[in-house]
Amino acid sequence: MENITPSNFIEQAIIEDIKEKKLKKIVTRFPPEPNGYTHIGHAKAICIDFLTAEKFNGYTNLRMDDTNPSKESEHYVKALMEDIKWLGFKWKKLYYASDYYPFIYDCAIDLIKQGKAFVCDMTADEISANRGTLTDPGKESPYRNRSVEENLKLFEDMRAGKFKDGEKTLRAKIDMAHPNINMRDPVIYRIMHISHFRQGNKWCIYPMYDFAHPLSDAYEGVTHSLCSLEFEDHRPLYNWFIDNCTLITGVKPRQIEFARLNIDGTVISKRYFHELIEKGYVDGWDDPRLPTLASFKRKGYTPTSIREFCTRIGVAKSNSLVQPHILEACIREELNRDAMRVVAVIDPLKINITNYDKVEDVMISNNPTIENSKKHPVKFSKELYIEKEDFMLEPTPKFFRLTPNGYVRLMGAYVIRCDEVVMGENGEIDHLNCSIIPDAKEQGIKPKGTIHWLSRNHSEKIVTRKFFNLLKEGEVYEKGMLDRIVNPNSMVEKVSYIEPFATKQKGNMQFVRMGYYIEDCKLSKPGNRVYLETVSLKDSK
RNA sequence: UGGGGUAUCGCCAAGCGGUAAGGCUCUGGUCUCUGAAUCCAGUAUGCGUUGGUUCGAAUCCAACUACCCCAGCCA
């Protein structure tokens with residue numbers, strides 16, 4: 001274990017611990033509160049927790065941090081577990097912080113007996129008013145010097161339900177003048193007459209995070225408690241409990257913090273997600289505009305791509321804003337390598353070939369990246385769809401695709417020429433009449449562009465939706481995605497077509513490039529995935 | 001104004017006193033049945049600023065500066 005090369009500061013610290021404390025086993029934990037779905041920020045934490053333990057041949061527990069019954073439910077527990085499994089991680093043991101309530105309660109008693117905790121009668125407002133400010137020290141509670149016996153009795157009464165919510169709290173007796181506000185006699189138990197989703201009405205007092213977390217870590221034998229940077233200020237408190245609770249035996253856990261994930265253009269916050277969902281701005285936790293794992297799953301991201309992303313962004317302590325194209329690069333790279341190919345026309349324009357009246361198979365490479373990759377037959381006929389954006393009535397100078405009287409190569413098939421643009425009644429282009437140039441080579445016609453196409457009578461309809469990139473150029477938003485989400489009309493529905501050969505594969509149709517996904521596809525079968533390559537790579541130009 | 005952190009290419013990020021890894025993006029070139037992908041090449045004389053120590057500093061010291069977090073009976 002000593003020969004492991006660290007790849008980040010956490011691993012470095014662990015290696016030092018192994019030497020100093022002579023640790024035999026590394027244990028980490030992933031401790032979500034079951035009050036929402038897993039998001040990409042969790043994914044980063046999950047990867048750090050599991051991968052770090054794995055690297056040292058240790059293991060990771062999953063612990064539901066269910067110390068606040070007012071927000072939590074079994075539903076989220078299930079969702080969380082599913083997402084972790086989906087990412088491909090296996091926890092050693094499943095714990096609920098609420099399972100430790102008796103232990104945590106005993107630790108509180110222990111603290112009281114040592115004279116290091118007291119029952120306080122102040123209201124939340126009073127406590128807040130006496131906490132002091134960032135620069136000024138706080139004032140000690142008038143109840144701070146109650147006798148051990150009185151505290152014991154009062155705390156017992158708290159547990160017995162003799163007081164109303166908020167009437168009393170148990171506080172750690174530390175230092176009201178401490179420069180770190182977390183150390184100014186923090187509340188460690190509060191009264192809540194709320195049923196807990198697992199414990200029912202067994203308890204009416206609940207421990208605070210700051211108290212429950214270090215004790216849970218110690219109880220489980222966690223050696224390294226990895227969390228995000230905003231808990232740095234809590235570490236002295238964490239250590240205070242670890243050092244002062246005499247019921248703790250064995251290795252003392254160490255908290256190490258890392259920077260949480262920020263992605264440019266999106267907001268990663270369960271609180272916001274709840275708000276957006278409640279107000280109906282998004283459809284639900286798997287709304288494609290949300291950075292939740294459920295959403296990424298729906299869009300066709302693979303667990304490996306999410307993991308790869310987490311590896312690529314690294315682990316450090318500096319506040320960073322990761323560009324979403326790193327994530328996109330991960331999924332694109334993977335799909336480009338592994339996925340089945342499909343030809344799709346997302347925004348169709350009809351073209352008729354006037355000098356052709358057959359139906360024939362044209363072979364299209366399954367994966368052009370791989371040499372000798374399988375080729376699939378695609379039906380070619382005189383009635384085709386091409387992508388609307390592959391034709392320009394009045395071409396710009398660098399437009400290489402189809403134009404009036406211009407030439408273009410149809411992927412895998414012929415060179416054609418656009419002879420006539422037929423306008424519809426609404427003033428828009430209805431269709432194009434084109435002709436095949438059978439001897440293009442001989443004539444020295446070398447079109448600069450190649451475009452994809454589908455036979456109208458041999459393709460099937462699918463429904464796609466466009467999302468993201470909905471801002472008009474020049475529009476500036478401070479909150480990025482949050483503001484984009486707020487406009488429910490930003491979804492644009494499109495009818496598109498897909499070639500059925502692809503559907504002969506066991507296919508769970510997924511179009512993965514950020515920007516499109518196939519919402520509904522009657523052709524889909526569970527199991528595989530299909531990458532609609534031809535469209536995905538267009539819209540960046 | 002108190003405490004805790006962070007500052008290395010457009011964006012992440014290695015580096016731990018010996019003369020700036022890598023990835024994403026970008027730019028050339030290559031190739032091609034899409035301008036994609038592939039493959040090849042290129043991109044910080046510089047590591048927040050200013051001083052100091054040293055033969056030698058992104059790395060050590062000092063003083064500044066900027067940004068982030070903290071005053072829930074949330075986690």
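Naming: A, B, ... by sequence-line order, numbering from 1 per chain.
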B:C47 to B:C60 separation - P atoms, rounded to the nearest Å = 15 Å
May I ask you to say what A:Val315 touches in the nucleic acid, namely base, sugar-phosphate or nothing, with a heavy-atom cut-off under 4.0 Å?
-> sugar-phosphate
C1' atom, B:U43 versus B:G28: distance in rounded Å?
-> 11 Å
Could you tell me whether A:Ala124 contacts a base, only the sugar-phosphate backbone, or nothing, with contacts defined as non-hydrogen atoms closer than 4.0 Å?
-> base
For RNA chain B, whose closest nucleotide is more 5', that of A:Lys448 or that of A:Arg190?
-> A:Lys448
With distance as the sole criterion, is a donor-acceptor pair present between the side chains of A:Ser228 and A:Glu257 under 3.5 Å?
-> no
Is B:U6 paired to anything, Watson-Crick or G-U wobble with both distances less than 3.5 Å, and if yes, which nucleotide?
-> B:A66
Reckon A:Glu257 touches a base, only the sugar-phosphate, or nothing at all at heavy-atom distances under 4.0 Å?
-> nothing
Quick one: does A:Glu328 reach the base of B:C24 with a side-chain donor-acceptor pair under 3.5 Å?
-> no
Does B:A75 have OP1 or OP2 sitting under 4.0 Å from an N or O in the side chain of A:Arg271?
-> no
Start at the 5' end of RNA chain B and walk down; is the nucleotide closest to A:His325 or to A:Ser7 reached first?
-> A:Ser7
A:His274 side chain to A:Arg271 main-chain N or O, any donor-acceptor pair under 3.5 Å?
-> no
Verify the contact: side-chain N or O of A:Ser128 to OP1 or OP2 of B:G72, cut-off strictly under 4.0 Å; return yes or no.
-> yes
Ring-face cation of A:Arg146 near A:Phe118 (centre distance under 6.0 Å, axis angle within 45°) = no
Using atom P of each nucleotide, how far apart are B:G22 and B:G29 to the nearest Å?
-> 23 Å
Does the A:Asn180 side chain pair with the main chain of A:Asp233, one donor and one acceptor, at a distance under 3.5 Å?
-> yes
Enumerate the protein-to-nucleotides 1-5 of chain B contacts in which both atoms are nitrogen or oxygen and the separation is below 3.5 Å.
unit_1: B:G2; atom_1: N9; unit_2: A:Leu134; atom_2: O; d: 3.2
unit_1: B:G2; atom_1: N3; unit_2: A:Leu134; atom_2: O; d: 3.0
unit_1: B:G3; atom_1: N2; unit_2: A:Asp233; atom_2: OD1; d: 3.3
unit_1: B:G3; atom_1: N2; unit_2: A:Asp233; atom_2: OD2; d: 2.8
unit_1: B:G4; atom_1: O2'; unit_2: A:Asp233; atom_2: OD1; d: 3.4
unit_1: B:G5; atom_1: O2'; unit_2: A:Glu232; atom_2: OE1; d: 3.4

Please confirm whether A:Arg159 makes a cation-pi placement over A:Tyr105, using NZ or CZ under 6.0 Å from the six-membered ring centre and within 45° of the ring normal.
-> yes
What is the nucleic acid contact for A:Tyr414, judged by heavy atoms within less than 4.0 Å: base, sugar-phosphate only, or nothing?
-> nothing
Would you mind classifying the nucleic acid contact of A:Met183 as base, sugar-phosphate or nothing, using non-hydrogen atoms under 4.0 angstrom?
-> nothing
Heavy-atom contacts under 4.0 Å between residues 166-174 of chain A and RNA chain B, which residues?
-> A:Gly166, A:Thr169
Any donor-acceptor pair under 3.5 Å linking the side chain of A:Thr28 with the backbone of A:Thr60?
-> no
According to a strict under-4.0 Å criterion, is A:Arg409 in side-chain N/O contact with OP1 or OP2 of B:U32?
-> no
Could you tell me which residues satisfy side-chain hydrogen bond (donor to acceptor under 3.5 Å, both in side chains) with A:Tyr238, sequence neighbours excluded, listed by chain and number?
-> A:Asp217
Side chains of A:Tyr100 and A:Glu220 in contact at under 4.5 Å (non-hydrogen atoms) = yes
Pairwise C1' distance, B:G18 and B:C11 [rounded to whole Å] = 30 Å
Without hydrogens or angle criteria, can the side chains of A:His452 and A:Tyr385 be said to hold a donor-acceptor pair below 3.5 Å?
-> no
With a 4.0 Å cut-off on heavy atoms, is A:Leu321 in touch with a base, just the backbone sugar-phosphate, or nothing at all?
-> sugar-phosphate
Is the base of B:U34 touched by the side chain of A:His452 through a donor-acceptor pair closer than 3.5 angstrom?
-> yes
With A:Asp185, which of A:Arg171, A:Lys173, A:Arg144 fulfils side-chain hydrogen bond (donor to acceptor under 3.5 Å, both in side chains)?
-> A:Arg144
